[in-house]
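See below for the structure under consideration.
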Amino acid sequence: MGIGDPLGMASTHALASGMGGMRTAGDLVARMQITRGMRLTQAKEYVAGKLGCSLRDLADPVAMHDIRGELGLGRIPVQDLTYADEPGGLEAKFHIADVLGVPINSVQRFRRRAGIDA
Amino acid sequence: MERRIATRLGDGSFIELTRSEIEADLVAGSELGAKRSKAPVLGDDDIGHLLDIFASEAKFSAVDLGHEVVLSFDGCGNADAGTPVSDLIVYQNHHGADSVELWHHDYSYKAVKTVLSFETQAMKDAQMMVVAPLNYGAMPDLGRYSMPDGPVPNWSELLPLGRIDEARASQVEAGLHATHDMVHVAGAMLEAGADGLDFDTSGAAGDGDLLATLNAVRQIRAAWPDAGIEVGMAGECVLGMHGELEFEGRRLAGMWPKDQLAAATAAGATIFGPAVNVNTTRSVAWNVARACTVVKPCTEVATIPIHMNAGMGVGGVPMSAYPPTDATARVSRALVDILKLDGL
């Protein structure tokens with residue numbers, strides 16, 4: 001989908017038909033589509049299986065808030081709810097790669113350049 | 001006398017139609033789409049569901065719970081929020097983006113090549129902070145390779161002069177340059193940590209533009225097996241600016257979404273984005289019915305995810321700088337419900 005006016009395009013599509021991104025498991029399902037070419041149903045079932053949750057949980061921010069916290073998959077800071085002591089950014093992607101069982105390019109390159117696998 | 005319902009034209013302006021008039025628009029849009037693309041018209045169930053969506057007077061419309069799809073948010077890393085990288089964070093944190101995309105304001109792989117060092121550094125920096133899949137996107141933009149902006153003779157000047165062979169040769173030569181640039185940028189971006197590449201508005205300059213893209217996709221897939229590759233189209237039918245170009249034995253000119261999908265899949269894409277442009281003088285309902293009819297044969301046979309283009313002026317979303325949310329929401333729901341999309 002294209003972008004332009006953030007409210008008229010991005011936010012509206014997100015509310016009308018989107019999974020919710022990092023508020024839910026949208027980014028995880030997207031990752032299976034992008035890296036493995038999985039169609040939507042297959043990608044949702046794969047991610048739900050890896051997370052040990054229901055398909056409905058995948059687009060539920062209440063359920064996913066806890067699941068993401070438990071597995072270290074990154075959570076969105078909102079006002080005083082911050083997560084400075086939890087995995088975030090690239091740190092969270094290390095856990096996502098492990099949980100989903102897929103290589104993440106930025107994680108692999110960080111490992112090599114930081115000498116973690118040396 | 002039938003009640004009149006507020007709805008929109010393809011330019012975003014309000015009009016009032018009766019329920020019967022909206023239904024007639026849906027049928028007419030589907031029939032035109034079917035006639036042009038040789039696809040079946042939408043069935044009664046689909047027309048009925050679209051009618052319920054577009055005859056509703058609600059301010060908003062949405063898919064049922066559990067039917068949510070992945071939104072790729074192509075082109076979200078602009079500088080509205082200060083810098084491209086901060087914009088990516090905003091889209092991830094505040095707009096519910098399932099994936100995000102870094103891009104340069106001169107949205108062309110040829111242009112990006114000249115500022116590649118800056119763009120790759122931005123990609124690397126962004127990857128440290130962004131959790132959602134982060135792609136790099138630009139247009140194949142074959143026209144940039146023709147004179148006076150590029151190195152090869154301008155086929156748009158040669159064709160009206162009847163110099164057909166020269167026009168075709170120049171497109172082939174331009175395609176070689178374009179493929180080289182796309183693969184060059186892709187390699188640098190993947191080295192910087194990109195999750196994937198987006199080839200946006202592929203085929204904008206016709207069949208030569210699409211062939212250059214497919215050749216680039218094939219090379220990228222061979223070199224980087226895990227890279228995400230999204231091929232998004234410029235329009236519903238591939239223009240035959242060359243007319244004889246083929247990919248894997250199939251003529252590209254005149255391809256509609258189903259065949260475009262087959263070509264993109266064969267090249268190695270992991271996501272395909274069909275595009276149907278909006279007629280601004282017809283209703284949004286008419287445009288959506290036409291778009292659904294043209295794209296439905298594609299989603300029915302896909303083996304990779306279909307993320308239909310639904311930006312401003314595409315897929316039924318009004319051609320307006322500030323698309324009305326009532327219209328965008330109806331289009332978003334209608335496309336997902338009727339086409340069983342994997343994403344937008």
Side-chain angles (χ1 to χ4, degrees), chain A residues 1-31 33-41 43-44 55-56 58-60 73-78 87-93 96 102-110, chain B residues 60-63 65-66 68-76 78 80 91-93 95-99 127-133 135 190-191 193-196 226-228 230 270-271 302-305 307 309-312 314 317 321-325 328-329 332-333 336 341-344:
Chain A
M1 139 200 149
I3 293 295
D5 166 28
L7 183 64
M9 287 298 308
S11 295
T12 302
H13 277 300
L15 294 173
S17 63
M19 287 200 66
M22 261 187 78
R23 298 181 81 235
T24 61
D27 62 316
L28 309 179
V29 176
R31 203 170 277 286
Q33 290 193 341
I34 290 169
T35 63
R36 289 293 179 263
M38 288 184 180
R39 294 208 64 180
L40 183 65
T41 301
K44 283 184 174 180
L55 290 173
R56 174 172 289 182
L58 295 178
D60 177 9
L73 307 182
R75 300 198 274 196
I76 296 172
V78 178
L90 189 66
E91 301 160 344
K93 288 189 280 192
I96 291 171
V102 293
I104 294 180
N105 189 26
S106 56
V107 171
Q108 290 181 313
R109 292 179 191 282
F110 184 90
Chain B
F60 205 80
S61 192
V63 302
L65 286 169
E68 299 89 351
V69 301
V70 169
L71 302 182
S72 54
F73 281 66
D74 308 336
C76 65
N78 50 37
D80 288 350
Y91 273 87
Q92 172 188 269
N93 290 5
H95 292 305
D98 297 313
S99 71
Q127 287 288 352
M128 301 296 282
M129 294 182 279
V130 174
V131 175
N135 299 326
L190 291 166
E191 190 62 29
D195 291 290
D226 290 319
E230 179 177 350
T270 48
I271 293 178
T303 56
I304 61 173
H307 284 208
N309 284 282
M312 296 176 290
V314 191
V317 175
Y322 300 94
T325 56
T328 304
S332 194
R333 177 187 179 188
V336 170
L341 293 171
D342 305 279
L344 287 167

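Labels below follow one simple rule: chain letters A, B, ... track the order of the sequence lines, proteins then strands, and each chain is numbered from 1.
- How far CG of A/Leu58 is from CD of B/Glu68: 9.5 Å, rounded to the nearest 0.5 Å.
- For B/Val336, the part lying under 4.5 angstrom from a heavy atom of chain A is the side chain only.
- In this view, B/Asp98 satisfies the side chain to side chain donor-acceptor pair (under 3.5 Å) rule with no residue, not counting sequence neighbours.
- Contact check for B/Thr328 versus A/His13: side-chain heavy atoms found under the 4.5 Å cut-off.
- Minimum interatomic distance between B/Tyr91 and A/Gly4 (heavy atoms only, all atoms of both residues): OH-O, 4.1 Å.
- Heavy-atom pairs under 4.5 Å with chain B were tallied for A/Thr41, A/Leu55, A/Ile96, A/Leu15; the largest tally goes to A/Leu15.
- Between the side chain of A/Arg109 and the main chain of B/Ala194, no donor-acceptor pair closer than 3.5 Å is present.
- Here the side chains of B/Thr270 and A/Thr35 are not in contact, with every heavy-atom distance at 4.5 Å or above.
- If you measure heavy-atom distances from A/Pro87 to chain B, you find no contacts under 4.5 Å at all.
- Of all the listed residues (B/Val317, B/Leu344, B/Leu65, B/Leu341), the one sharing the greatest number of non-hydrogen pairs under 4.5 Å with chain A is B/Leu344.
- Your options are B/Asn309, B/Asn93, B/Asp80, and the one with the most heavy-atom pairs under 4.5 Å with chain A is B/Asn93.
- Proximity to chain A is limited to the backbone of B/Ala97, based on heavy atoms less than 4.5 angstrom apart.
- Each of A/Lys93, A/Arg31, A/Arg36 was scored for a salt bridge (charged side-chain N to carboxylate O under 4.0 Å, His left out) with B/Asp195, with one residue passing: A/Arg31.
- Both the backbone and the side chain of B/Phe73 come within contact range of chain A, judged by heavy atoms closer than 4.5 Å.
- In B/Arg333, the CZ atom is crowded: over 12 heavy atoms of neighbouring residues, nucleotides or ligands sit closer than 6.0 Å.
- Residue contact with chain A, scored on non-hydrogen atoms closer than 4.5 Å, involves the backbone and the side chain of B/Thr325 alike.
- Taking chain A as the reference chain and counting heavy-atom pairs below 4.5 Å, the highest number among B/Ile304, B/Ile271, B/Val69 is found for B/Val69.
- Only the backbone of B/Met129 comes within contact range of chain A, with at least one heavy atom under 4.5 Å from a heavy atom of that chain.
- Among the candidates B/Leu71, B/Val130, B/Thr303, the residue making the largest number of heavy-atom pairs closer than 4.5 Å to chain A is B/Leu71.
- Counting heavy atoms from C-beta on, the side chains of A/Gln33 and B/His307 come closer than 4.5 Å.
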I would like to know whether A/Asn105 and B/Asp226 meet side-chain contact (heavy atoms from CB on, under 4.5 Å); could you show each step before the answer? CA-CA 8 Å; A/Asn105 189 26; B/Asp226 290 319; over 6 Å; no
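- Both the backbone and the side chain of B/Val131 come within less than 4.5 Å of a heavy atom in chain A.
- Looking at A/Ala10, both its backbone and its side chain come within 4.5 Å of chain B, counting heavy atoms on both sides.
- Note: B/Ala310 leads B/Gly228, B/Gly343, B/Ala132, B/Ala310 in heavy-atom pairs under 4.5 Å with chain A.
- Shown here for B/Val70 and A/Gly26, the closest heavy-atom pair between the two residues is CG2-O, 4.4 Å.
- Residues forming a side chain to side chain donor-acceptor pair (under 3.5 Å) with A/Arg39 (at least two apart in sequence, or on another chain): B/Asp342.
- Contacts of B/Ala321 with chain A are made by backbone atoms alone, with heavy-atom separations under 4.5 Å and no side-chain atom involved.
- Considering only heavy-atom pairs separated by less than 4.5 Å from chain A, the leading option among B/Gly193, B/Ala62, B/Gly311 is B/Gly193.
- To the nearest 0.5 Å, the span separating NE2 on B/His95 from OG on A/Ser11 amounts to 4.5 Å.
- The CZ atom of B/Phe60 sits 5.5 Å away from the OG1 atom of A/Thr12 when rounded to the nearest 0.5 Å.
- Between A/Ala16 and B/Ser61, the closest heavy-atom pair is CB-O, 3.5 Å.
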